[in-house]
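Working notes, beginning with the structure itself.
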There are 2 protein chains.
Amino acid sequence: MTATSAQGVKRRGPYARGRQSRELILDTALEVIGREGYTSVSLRHIAAATDMTQAGLLHHFGTKEQLFLAVLEARDEANANDPALSARLDGAPRTVLFARHSVTVPGLVHLFVSLQAAAGDPNHPAHEFFLRRDADVRARVARDIRERQSAGYFDPDVDADDAARMIMAVSDGLQAEWAIDPTIDFVGVLSRLWEKLSGRPLPE
Amino acid sequence: MTATSAQGVKRRGPYARGRQSRELILDTALEVIGREGYTSVSLRHIAAATDMTQAGLLHHFGTKEQLFLAVLEARDEANANDPALSARLDGAPRTVLFARHSVTVPGLVHLFVSLQAAAGDPNHPAHEFFLRRDADVRARVARDIRERQSAGYFDPDVDADDAARMIMAVSDGLQAEWAIDPTIDFVGVLSRLWEKLSGRPLPE
DNA sequence: GTCTATATTCAGATAGAC
DNA sequence: GTCTATCTGAATATAGAC
């Protein structure tokens, strides 16, 4: 049976297969990174794990770097639509939920940290991505803080933009450290910073 | 005239020249990284900038990764002995002084972030280095906080180890973000976190 | 301690058949 | 859309002369 869209338009031919391959490649790439580490991964390794060839991969993503970036983008998109990661004003913030989730996906933190480091080069395709992403995330965290301030769940005297910066920086830094030493309590430290800034205990 | 040690033992022959070369290589490597970015730097580029050959570089450092690591180690050592970076209990903490200094050295933050990301691979030579370094830095920051708590310059109710973790994480995260977007106020955010945790304003 | 020259390895990318 | 086959390039590392 072939997949059809909600409008009943047939989705086979080129597209059905292409999308399926793309997703398989992205998932496999992440898995291989988790197994071998970011730097030692080559297109050939990923190709082998997907039962495809290196040329086949590049057909979909153009370059290796764009492939890796696509993995991160796909993750962001999936997380944005994941109801398990949506936060309530009186509960743990999204950042904490997100952290709790990240550490369960092998390779994800490694990939994030490595791409973020590589993005320091203005010519790297991830450069623009991180510039935009950081601005987006920061704005969302700041907005969340303001909503909590209005609702009485966050110290109203704290500068929301400043606090958002700190939360983000701690999250980024802890990921780099956690990738080296997974015994670090990534989620715990992040939660305690949030409590310190908000002046309120977090539930759970 | 040849250099002699304090004991009058002659320091020429192999050593004088070797040390000089090592230092030149380390300085130049950092400079080239600042100019070209970490990933695009090869031994040949550094060799060209030092008026040596790639084989000459490897004679001193064995591998490229060990060379890069040596740059960081040399920096740490130089900073440890730099009186301009020694903090007073009633002044800005070492972490802030260090941050203020780091952003003035082109390439240093790039190198740090890149090596830290690569250290996520347990086989990378920087892996052990960062494990040890993080423990050392954390212990030192925690000790500094305790001293300030005793002297009345830091909220005595704050857990010093926990606060040290947060300071370090913010510093690491901000460096990664600053490498991508140097308009970020690295020093400012770090200082404000310190003020928030200590419950006291920082001078200057 | 430094060089020249070379070995080795391996990567990403491309052309064209199926 | 995927494969086979190949190109091209670059990098690290090594051997051995000076």
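Keep in mind that what you see is a predicted model, and the values were worked out from it rather than measured. To find a chain, count down the sequence lines: A is the first, B the second, and so on, and within it residues start at 1.
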(message) Within the 3.5 Å criterion, strictly below it, is a donor on A:D155 or A:Q149 matched to an acceptor on the partner's side chain?
(response)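 There is no such pair (donor and acceptor under 3.5 Å, judged by atom type) between the side chains of A:D155 and A:Q149.
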
(request) Starting from the 5' end of DNA chain D, give me the residue, B:H45 or A:H60, whose nearest nucleotide shows up first. (result)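 Closest to the 5' end, via its nearest nucleotide, is A:H60.
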
(request) Determine: side-chain N/O of B:T53 to OP1/OP2 of C:dT2, distance under 4.0 Å, yes or no. (result) no

(message) Please confirm whether the shortest side-chain N or O distance from A:S21 to OP1 or OP2 of D:dG1 is below 4.0 Å.
(response)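 Result: no.
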
Give the rounded distance in Å between these two atoms: [atom1] of [X] and [atom2] of [N].
X: B:L57; N: D:dT14; atom1: CG; atom2: P; result: 15 Å
X: A:D51; N: D:dG1; atom1: CG; atom2: C1'; result: 16 Å
X: B:L24; N: C:dG1; atom1: CG; atom2: P; result: 14 Å
X: B:Y38; N: D:dA11; atom1: OH; atom2: P; result: 14 Å
X: A:Q20; N: D:dG1; atom1: CD; atom2: C1'; result: 13 Å
X: B:I25; N: C:dT2; atom1: CD1; atom2: C1'; result: 10 Å
X: A:R19; N: D:dT2; atom1: CZ; atom2: P; result: 14 Å

(message) I'd like to know if B:E128 pairs up with B:R132 as an ion pair, taking the criterion as any Lys NZ or Arg NE/NH1/NH2 lying under 4.0 Å from an Asp or Glu carboxylate oxygen.
(response) no

(message) Applying the side-chain hydrogen bond (donor to acceptor under 3.5 Å, both in side chains) criterion to A:D144, which one of A:R140, A:R146, A:R148 satisfies it?
(response)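 Of all the options given, the one that passes is A:R148.
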
Taking the inter-plane angle between the rings of [X] and [Y] on a 0 to 90° scale, is it parallel (under 30°), tilted (30 to 60°) or perpendicular (over 60°)?
X: B:F186; Y: B:W178; answer: tilted
X: B:W194; Y: B:F154; answer: perpendicular
X: B:Y38; Y: B:F68; answer: tilted

(request) Choose from D:dG1, C:dT2, D:dT4 the nucleotide whose nearest atom is closest to any side-chain atom of A:H59. (result)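 The nucleotide sitting nearest to the side chain is D:dG1.
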
I'd like to know if the side chain of [X] and the backbone of [Y] have a donor-acceptor N/O pair within less than 3.5 Å.
X: A:K196; Y: B:V158; answer: no
X: A:S171; Y: A:I167; answer: no
X: A:S114; Y: A:L111; answer: no

Are there any protein N/O atoms within less than 3.5 Å of an N/O atom in nucleotides 12-16 of chain C, and if so, which ones and at what distance?
{"unit_1": "C:dG12", "atom_1": "OP1", "unit_2": "A:K64", "atom_2": "NZ", "d": "3.2"}
{"unit_1": "C:dG12", "atom_1": "OP2", "unit_2": "A:L43", "atom_2": "N", "d": "3.2"}
{"unit_1": "C:dG12", "atom_1": "N7", "unit_2": "A:R44", "atom_2": "NH1", "d": "3.1"}
{"unit_1": "C:dG12", "atom_1": "N7", "unit_2": "A:Q54", "atom_2": "NE2", "d": "3.0"}
{"unit_1": "C:dG12", "atom_1": "O6", "unit_2": "A:R44", "atom_2": "NH2", "d": "3.1"}
{"unit_1": "C:dA13", "atom_1": "N7", "unit_2": "A:Q54", "atom_2": "OE1", "d": "3.3"}
{"unit_1": "C:dA13", "atom_1": "N7", "unit_2": "A:Q54", "atom_2": "NE2", "d": "2.9"}
{"unit_1": "C:dA13", "atom_1": "N6", "unit_2": "A:Q54", "atom_2": "OE1", "d": "2.9"}

(request) For the helix from C:dG1-D:dC18 to C:dC18-D:dG1, measure the angle between the helix axis at one end and the axis at the other, each built from five pairs, rounding to 10°. (result)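 End-to-end axis angle: 10°.
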
